[in-house]
Enquirer: 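First the structure, which I've put down as structure tokens, then a few questions once you've had a look.
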Amino acid sequence: MNTLFRLLTISILLFAASGCNSPPDPPEIDQAHRQDQLLWRAGAHIFLKNQYDDYSGLLKQANANFTKERSDFVLFIDYEDIVAEYRRILAIGNDLNSSLEALKEVKFSALQKQLSDHRARLKNLKHASSLVNEGRLARKSLTKAELLLTEVQSLYERGDILRAEDKIVAVPPNFEKAEAALMPIIGRYADKDQVKKWRAWVDSTIAESRETRSKAIIVNKIKKTLHVYNAGKLIKSYPVELGRNGAKDKLQSGDQATPEGKYKITKKNPSSKFYKSLMINYPNEDDIKAFRIAKQKGLVSKKASIGNLIAIHGGGDDSMTYGCVSMKNSEIEELYNMVEVGTPVTIVGADEIDNPIYRTLRGS
């Protein structure tokens, strides 16, 4: 009895000496809470939801155990198990943070590559659309793609990887719309058989110029150039403009396309609506044949006519042409005085397979 009394007395004295205070909270508790805040801000609950939920559950249980232990009688409080529990949670949190950083690094790297690839594709498609007047529909889609890429780049730089990933998925569909608009027009410029056919026209025209010691004109639509040959040798080059749908081969009246084929100058008009003009014999027999086939295939309306009045003319400063080839007034003046009625005029889409369109498509 005396022993029990003495123990009780000592306990009371110790309790009084302690000032009735509980032992200080283990520092691991505050460390775990700060770690949880950092993981949340870093997006662990989004990027690694299952792992974070497990971690968060362990932390909540540890908090409950700590609260229960702290509510015990002061003399009986023992934080040893609590500290061990929080240290395990801190270790799990460190592993979770390492996994999160590794995952985000992979995501940032993947997004960076997507941005780089999309920029290269955008550059090629913009170049392709700039080569043809008909590229205006494609350019609308490419403008949307470019705006999206700018927004994605901004999100990437701010570290908002999830919103960046959501935004970038909208970029490829705009590329596909642009390609769908361009391919019917520019696809044949990368067609080796088509280019080979054009090249044969150019070669035969130059050969004829050489053999007859006369002049000949070659118009290259994709390069927008007009070359003048004399006796098979190039003597002059001019920039030209084409119609609204100039990159296409002319099929019918009103399509605003520039025809392709081997023609001749049939008339020189010194007082054309567009300064001076050199009329060519479009449609020739090949054009008439192609027009009939197009009608049979339903490519043009049965009521459509083939059209005529195709010329090389002035007014190029304003690009005023509906399928003709236009030049600056000063340059058509020079050409007008250089050639005669009967001069061959060969118009081709391209004269080599390694043309600007082919290089662009190969790079996209």
Enquirer: Taking the side chain as every heavy atom from C-beta outward, state whether P239 and E331 have any pair of such atoms under 4.5 Å apart.
Expert: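 They are in contact (side-chain heavy atoms under 4.5 Å apart), so the answer is yes.
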
Enquirer: Evaluate the criterion salt bridge (Lys or Arg N to Asp or Glu O under 4.0 Å) for residue pair K113 and D117; output intermediate values, then yes/no.
Expert: CA-CA 6 Å; K113 186 177 187 307; D117 291 346; 2.7 Å; yes

Enquirer: Can a side-chain donor-acceptor contact be found between Y322 and D255 if the only test is distance below 3.5 angstrom?
Expert: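 On atom types as modelled, these side chains do not qualify, holding no pair under 3.5 Å.
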
Enquirer: Supply the atom-to-atom distance L155 CG to L111 CG, rounded to the nearest 0.5 angstrom.
Expert: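 Here the rounded value is 9.0 Å.
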
Enquirer: Would the distance check show the side chain of S141 and the main-chain N or O of K177 forming a donor-acceptor pair, the cut-off being under 3.5 Å?
Expert: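 The answer is no, because no donor-acceptor pair under 3.5 Å joins these two groups.
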
Enquirer: Is there a side-chain contact between Q256 and K250 (heavy atoms, below 4.5 Å)?
Expert: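 No - every pair of side-chain heavy atoms lies 4.5 Å or more apart.
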
Enquirer: To the nearest 0.5 Å, tell me how far L226 CG sits from L335 CG.
Expert: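 Going from the CG atom of L226 to the CG atom of L335 covers 6.0 Å.
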
Enquirer: Please check if the side chain of N220 supplies one atom and the backbone of T225 the other of a donor-acceptor pair under 3.5 Å.
Expert: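 No, the answer is negative, given that no donor and acceptor are paired below the 3.5 Å cut-off.
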
Enquirer: Under the 3.5 angstrom rule, does the side chain of T150 hit a backbone N or O of E146 as a donor-acceptor pair?
Expert: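 It does hold such a pair.
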
Enquirer: Is there a side-chain contact between N124 and R121, using heavy atoms and a 4.5 Å cut-off?
Expert: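 A side-chain contact under 4.5 Å is absent here.
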
Enquirer: Have N269 and Y275 got a donor and an acceptor in their side chains that come within less than 3.5 Å?
Expert: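 Absent: no donor and acceptor within the cut-off.
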
Enquirer: Enter the distance from R139:CZ to L125:CG here, rounded to the nearest 0.5 Å.
Expert: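 If I round to the nearest 0.5 Å, the distance is 12.0 Å.
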
Enquirer: Both conditions, 6.0 Å and 45 degrees, for the charged tip of K268 above the ring of Y336: are they met here?
Expert: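 K268 over Y336 ring: yes.
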
Enquirer: M338, V341: one ILVMFWY side-chain cluster at the under-4.5 Å cut-off?
Expert: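 Hydrophobic grouping puts M338 apart from V341.
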
Enquirer: Under a 4.0 Å N-O cut-off, is there an ion pair linking K223 with E352?
Expert: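 Result for this pair is yes, salt bridge flagged.
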
Enquirer: Determine whether more than 12 heavy atoms belonging to other residues, nucleotides or ligands lie under 6.0 Å from atom NZ of K224.
Expert: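 Yes, the 6.0 Å shell around NZ holds more than 12 heavy atoms from other groups.
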
Enquirer: Quick one: list whatever passes side-chain contact (heavy atoms from CB on, under 4.5 Å) with D36, sequence neighbours left out.
Expert: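 Result, side-chain contact (heavy atoms from CB on, under 4.5 Å) vs D36: Y52, Y55, L59.
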
Enquirer: What is the distance from atom CD of Q37 to atom CZ of R41, rounded to the nearest 0.5 Å?
Expert: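 The distance works out to 5.5 Å.
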
Enquirer: Does a side-chain heavy-atom distance below 4.5 Å link I77 with E69?
Expert: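 Yes, their side chains come closer than 4.5 Å.
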
Enquirer: Does any N or O in the side chain of R199 come within less than 3.5 Å of the main-chain N or O of D351, such that one atom is a donor and the other an acceptor?
Expert: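 The answer is yes, because a donor-acceptor pair under 3.5 Å joins these two groups.
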
Enquirer: With heavy-atom distances below 4.5 Å as the criterion, would you say the side chains of Y229 and I218 are in contact?
Expert: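 Contact flag for Y229/I218 side chains = yes.
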
Enquirer: Which heavy-atom pair separates I353 from V195 by the least distance, and what is that distance?
Expert: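 In terms of heavy atoms, the two residues are closest at N-CG1, 3.4 Å.
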
Enquirer: Evaluate whether atom NZ of K295 has more than 12 neighbouring non-hydrogen atoms of other residues, nucleotides or ligands under 6.0 angstrom away.
Expert: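 Buried by this count: over 12 neighbours within 6.0 Å.
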
Enquirer: Verify, without hydrogens or angle tests, whether Y156 (side chain) and E165 (backbone) share a donor-acceptor contact under 3.5 angstrom.
Expert: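 A pair under 3.5 Å: no.
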
Enquirer: Taking T266's backbone N and O only, do any of them form a donor-acceptor pair with N281's side chain (distance below 3.5 Å, no angle check)?
Expert: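 Checked: no pair found.
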
Enquirer: Does the side chain of E334 pick up a donor-acceptor pair with the side chain of Y238 at under 3.5 Å?
Expert: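 Y238 and E334 do have a side-chain donor-acceptor pair below 3.5 Å.
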
Enquirer: Can you establish whether the number of heavy atoms outside E80 located under 6.0 Å from its atom CD is more than 12?
Expert: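 Result for CD/E80: open.
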
Enquirer: For a side-chain hydrogen bond (donor to acceptor under 3.5 Å, both in side chains) check, start with the C-alpha distance between S326 and H313, then their side-chain angles and the critical distance, and finish with the verdict.
Expert: CA-CA 5 Å; S326 68; H313 59 64; 5.3 Å; no

Enquirer: Can you find a pair of side-chain heavy atoms, one from E340 and one from I265, that are under 4.5 Å apart?
Expert: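 When only atoms from C-beta onward are counted, I265 and E340 do not touch, as no gap falls below 4.5 Å.
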
Enquirer: If you compare all heavy atoms of P283 against all heavy atoms of I306, which two are closest, and at what distance to 0.1 Å?
Expert: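 Taking every non-hydrogen atom into account, CB-CD1, 3.5 Å.
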
Enquirer: Please determine whether a side-chain nitrogen of the Lys or Arg among K49 and D53 lies less than 4.0 Å from a carboxylate oxygen of the Asp or Glu.
Expert: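 Yes, charged N to carboxylate O under 4.0 Å.
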
Enquirer: How far apart are the closest heavy atoms of A304 and Q252, and which atoms are they?
Expert: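 Smallest heavy-atom distance, with atoms named: CB-OE1, 3.8 Å.
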
Enquirer: When you measure from the side chain of S272 to the backbone N and O of F274, does any donor-acceptor pair fall under 3.5 Å?
Expert: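 The answer is yes, because a donor-acceptor pair under 3.5 Å joins these two groups.
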
Enquirer: Looking at every non-hydrogen atom in both residues, tell me the closest pair between I310 and P259 and how far apart they are.
Expert: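 Closest approach of I310 to P259, heavy atoms only: CG2-CG, 3.8 Å.
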
Enquirer: So H45 and W40, would you call those rings parallel, tilted or perpendicular, with 30° and 60° as cut-offs?
Expert: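 H45 vs W40 ring planes: parallel.
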
Enquirer: Do I347 and I217 have side chains that get closer than 4.5 Å, going by heavy atoms?
Expert: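 With C-beta onward as the side chain, the pair stays apart.
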
Enquirer: Under a 3.5 Å distance rule, please check whether S204 uses its side chain to pair with a backbone N or O of A200 as donor and acceptor.
Expert: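 Here the side-chain-to-backbone pair exists.
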
Enquirer: Show your working on salt bridge (Lys or Arg N to Asp or Glu O under 4.0 Å) between K68 and D72 and close with a plain yes or no.
Expert: CA-CA 7 Å; K68 180 179 179 182; D72 207 346; over 6 Å; no

Enquirer: When you look at L182 and S129, which way does the side chain to side chain contact (heavy atoms under 4.5 Å, CB included) test go after all the steps?
Expert: CA-CA 7 Å; L182 285 172; S129 71; 4.2 Å; yes

Enquirer: Would the distance check show the side chain of Y86 and the main-chain N or O of N63 forming a donor-acceptor pair, the cut-off being under 3.5 Å?
Expert: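 The answer is yes, because a donor-acceptor pair under 3.5 Å joins these two groups.
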
Enquirer: For Q61 and N65, which I'm curious about, is there any donor-acceptor pair between the side chains at under 3.5 Å?
Expert: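 Side-chain D/A pair, Q61 to N65: present.
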
Enquirer: Do you know the tightest heavy-atom contact between M279 and L309?
Expert: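 Minimum heavy-atom separation between M279 and L309: CE-CA, 3.5 Å.
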
Enquirer: Pair L142, L122 - check side chain to side chain contact (heavy atoms under 4.5 Å, CB included), show working.
Expert: CA-CA 7 Å; L142 295 177; L122 175 66; 4.0 Å; yes

Enquirer: To the closest 0.5 Å, what do you measure between CG (L147) and NZ (K144)?
Expert: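 Between L147 CG and K144 NZ, I get 10.0 Å after rounding to 0.5 Å.
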
Enquirer: Below 4.5 Å, heavy atoms only, C-beta onward: do K104 and F47 meet side chain to side chain?
Expert: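 Side-chain contact under 4.5 Å: yes.
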
Enquirer: Could you tell me whether H118 and F175 have their ring centroids closer than 6.0 angstrom?
Expert: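 Yes.
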
Enquirer: Between side-chain atoms of residues 88-102 and protein atoms elsewhere (two or more places apart, or another chain), which donor-acceptor pairs fall under 3.5 Å?
Expert:
from, atom 1, to, atom 2, distance (Å)
N94, OD1, Q35, NE2, 3.1
N94, ND2, L90, O, 3.3
N97, ND2, E101, OE2, 3.4
S98, OG, N94, O, 3.1
S99, OG, D95, O, 3.1

Enquirer: Hey, is the main chain of D287 close enough, under 3.5 Å, to the side chain of N284 for a donor-acceptor pair?
Expert: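 Here the side-chain-to-backbone pair exists.
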
Enquirer: Calculate, to the nearest 0.5 Å, the distance between atoms NZ and CD1 belonging to K248 and I186 respectively.
Expert: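 It comes to 12.0 Å.
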
Enquirer: How far apart are the C-alpha atoms of D286 and K262, what are their side-chain angles, what is the distance that settles it, and do they pass the salt bridge (Lys or Arg N to Asp or Glu O under 4.0 Å) test?
Expert: CA-CA 9 Å; D286 290 336; K262 297 182 67 177; over 6 Å; no

Enquirer: Please set out all donor-acceptor pairs under 3.5 angstrom arising from side-chain atoms of residues 205-215, sequence neighbours excluded.
Expert:
from, atom 1, to, atom 2, distance (Å)
T205, OG1, W201, O, 2.8
T205, OG1, T346, OG1, 2.5
S209, OG, S214, O, 2.6
S209, OG, A231, N, 3.2
S209, OG, G232, N, 2.9
T212, OG1, E208, O, 2.7
T212, OG1, S214, OG, 2.5

Enquirer: I would like to know whether E260 and K221 meet salt bridge (Lys or Arg N to Asp or Glu O under 4.0 Å); could you show each step before the answer?
Expert: CA-CA 9 Å; E260 297 161 10; K221 297 206 299 185; 2.8 Å; yes

Enquirer: Might you point out which heavy atoms bring V132 and A247 nearest each other, and give the distance in Å?
Expert: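 Looks like CG1-CB, 3.3 Å.
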
